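Contents: one structure, followed by commentary.
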Amino acid sequence: MFKNLFLTAGTFLTAALLQGAPSGEIPVCTYDKLSNDGISSKLEVLRPLKAAEAEYLAGRQAVLCMIGDSVTWAQAGDHFRGEFLKLFPQLAFAGTHTGILGYSHAGEGGDSSTRVLRRVTDPVRIPDAPYYHLLIGVNDAAAAKKDEHSEKVASAAVERIVKIVNALLARKCTQKVFLGSILPSPFGPNGESTVRERTSSLINAKLRSQFKKLFPSGKVVWIEYEKPLRSRLDSWKKRENLRGAHPTAQGYKLLAAIAVPVLKKEMTLPAVSPGKGKVGVEVINLWNSESAESAPLLPGWYTVSMVLEGCSEVSFELYSLPTKAKKQFKKKYTLKGKPGSRVEFNFMTGYQGYHYDRAPFKLNVSKGKITSVQIEKTRPLKRASVYGKGRFIDTVSPVAAGEILLRK
């Protein structure tokens, strides 16, 4: 029955989804730009899933939480997940942050293995998931200023990475951890090797040579990014694929082509009956109407929605409470609509430790009146969810591939 339904859909989740074959390109419906760091990046907004597609996927997805530094989420980093999804549409992404395309993850810009180790047991920073993808170490390698420092830096990084992996394995719901080798980067202005890049390679070599001894359980899977990229290094280093330590959207396509065959082989897709209940996505309204402020927002993309109460226009300032680091978000907005209608917008806080530090947000309304405020992680369709308080399952709003689909 489901096969016939999907064959008539005429979209990327068709028989290819049922057979695990690569899907076609996800159509681009609209564009937006991320320019807060001077980098312009297209936002691909995925189409809503058809009812039959959502029904099929609910309970049958492989849930992956991606942990790492800015390679996992900054700049074009959400294309990491977007390219995974194009090749493996049964994936769904868990995480406490949302990237530029609206996919959840647990990456934080500037992270070293030390910082990941500090937050690996915190469910607010890294949620429980059956599968984890860990890519970390390029910032550790930056501590080596000379080649003679590399051995000490690499050995210490390996020790911490092993501790991170073991902490993830200690979680009750963990099935497997995918450990990625650090990407070849960054290179010098003329494409020459750097101490940092060579130290990253040494970290990989140490992990690679000791892998079975370090992880004897068989629940840790190595994803070999480095060797395939080094085999075509001149191409990898081109600006269309790599900028500094960060892949471009095109560069993430190369990573997905390496990783997805490994994920498909090692992940077990749940096989459940269609079941009963409406399909939806869990949403957390981070706004507290009693205190008139949000919960502390982790860096990332958010959607704010509100109802215009007795007015057709509202002007306000959205700002984060000051932190010791004095890195504060502050921006003015004016929204228009019919009285009683819900209006909305998307915003990015800024990058962790660079433009913004985790803090609660407040609204200072200068014109008009609002009610039913909702702040939520931005979803792939870039639209606000139905309004609710606290944690709830939204079965009303359209859903997209890559979201964890639940039944209510």
Side-chain angles (χ1 to χ4, degrees), residues 2 5-6 8-9 11-13 17 26-27 29-30 32 43-61 63 81 85 89-99 101-104 127 270 272-290 294-295 297 300-309 312 314 335-347 363 370-408:
F2 280 98
L5 286 172
F6 275 81
T8 60
T11 54
F12 83 102
L13 280 172
L17 185 149
I26 298 176
C29 302
T30 189
D32 199 352
L43 291 177
E44 292 182 343
V45 178
L46 312 191
R47 63 166 181 80
L49 293 179
K50 295 182 182 296
E53 297 169 331
E55 285 287 334
Y56 179 82
L57 279 177
R60 289 185 169 94
Q61 295 169 298
V63 178
R81 284 161 289 285
L85 193 61
Q90 297 98 324
L91 284 176
F93 300 107
T96 49
H97 300 56
T98 301
L101 299 183
Y103 299 124
S104 294
V272 298
S273 61
K276 298 180 179 180
K278 293 183 179 179
V279 175
V281 172
E282 184 180 70
V283 175
I284 302 175
N285 184 353
L286 297 161
W287 183 258
N288 186 322
S289 57
E290 294 181 3
S294 76
L297 299 187
W301 283 89
Y302 292 88
T303 298
V304 182
S305 60
M306 58 195 70
V307 171
L308 299 177
E309 187 174 6
S312 59
V314 62
L335 303 177
K336 298 179 181 181
K338 294 181 179 179
S341 66
R342 178 166 286 276
V343 291
E344 62 185 73
F345 65 96
N346 300 318
F347 77 96
L363 286 166
I370 58 174
T371 186
S372 302
V373 177
Q374 181 156 293
I375 298 182
E376 59 183 297
K377 292 191 309 177
T378 297
R379 296 172 59 178
L381 296 179
K382 304 296 182 297
R383 297 302 305 272
S385 304
V386 67
Y387 175 73
K389 293 184 177 181
R391 187 185 298 262
F392 61 96
I393 297 178
D394 176 10
T395 60
V396 177
S397 306
V399 298
E403 296 189 279
I404 301 174
L405 303 185
L406 307 169
R407 292 188 181 276
K408 180 181 179 182

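Along the sequence shown, the residues carry numbers beginning at 1. Here the structure is a predicted model, which is why all the values come from computation and not from measurement.
Leu335 contributes atom CG, which lies 12.0 Å from atom OG of Ser312 (distance to the nearest 0.5 angstrom). Once rounded to the nearest 0.5 Å, the distance linking CD1 of Ile284 with CD of Gln374 reads 11.0 Å. To the nearest 0.5 Å, the span separating OG1 on Thr303 from CZ on Phe345 amounts to 9.0 Å. Going from atom OG of Ser305 over to atom CD of Glu376 covers 6.0 Å, rounded to the nearest 0.5 Å. To the nearest 0.5 Å, atoms NZ (Lys278) and CG (Leu406) are separated by 15.5 Å. Rounding to the nearest 0.5 Å gives a distance of 11.0 Å between CG of Leu91 and CD1 of Ile404.
Side-chain contact check for Val304 versus Trp287: every heavy-atom pair is 4.5 Å or farther apart. With a 4.5 Å cut-off on side-chain heavy atoms, Asn285 and Tyr387 count as touching. Counting heavy atoms from C-beta outward, Val307 and Arg342 have side chains that approach closer than 4.5 Å. Looking at heavy atoms from C-beta onward, Val281 lies in side-chain contact with Leu405 at the 4.5 angstrom threshold. No side-chain heavy atom of Val399 sits less than 4.5 Å from a side-chain heavy atom of Leu57.
The minimum heavy-atom distance between Arg47 and Leu381, with the atom names listed, is C-CD2, 3.7 Å. Contact detail for Pro270 and Gly59: the closest heavy-atom pair is CB-O, 3.1 Å. Annotation for Arg407 and Val279: closest pair NH1-CG2, 3.7 Å, computed over non-hydrogen atoms. Scanning all heavy atoms of the two residues, the minimum distance from Ser104 to Gly95 falls at CB-N, 3.6 Å. Contact between Val343 and Lys336 at its shortest, heavy atoms only, is CG1-O, 3.6 Å.
With salt bridges taken as basic N to acidic carboxylate O contacts below 4.0 Å, none links Lys50 and Glu55.
The environment of Arg383 atom CZ is sparse: at most 12 non-hydrogen atoms of other residues, nucleotides or ligands sit within 6.0 angstrom.
Judged by distance alone, with hydrogens and angles left aside, the side-chain atoms of Lys389 form no donor-acceptor pair with the main-chain N or O of Ser289 at under 3.5 Å.
Under the rule for a ring-ring contact (aromatic ring centres under 6.0 Å, His included), the partners of Tyr302 that lie at least two apart in sequence or sit in another chain are Phe347.
Evaluation of the salt bridge (charged side-chain N to carboxylate O under 4.0 Å, His left out) test over residues 391-403, restricted to residues two or more places apart or in two chains, returns Glu282-Arg391, Arg379-Asp394, Arg379-Glu403.
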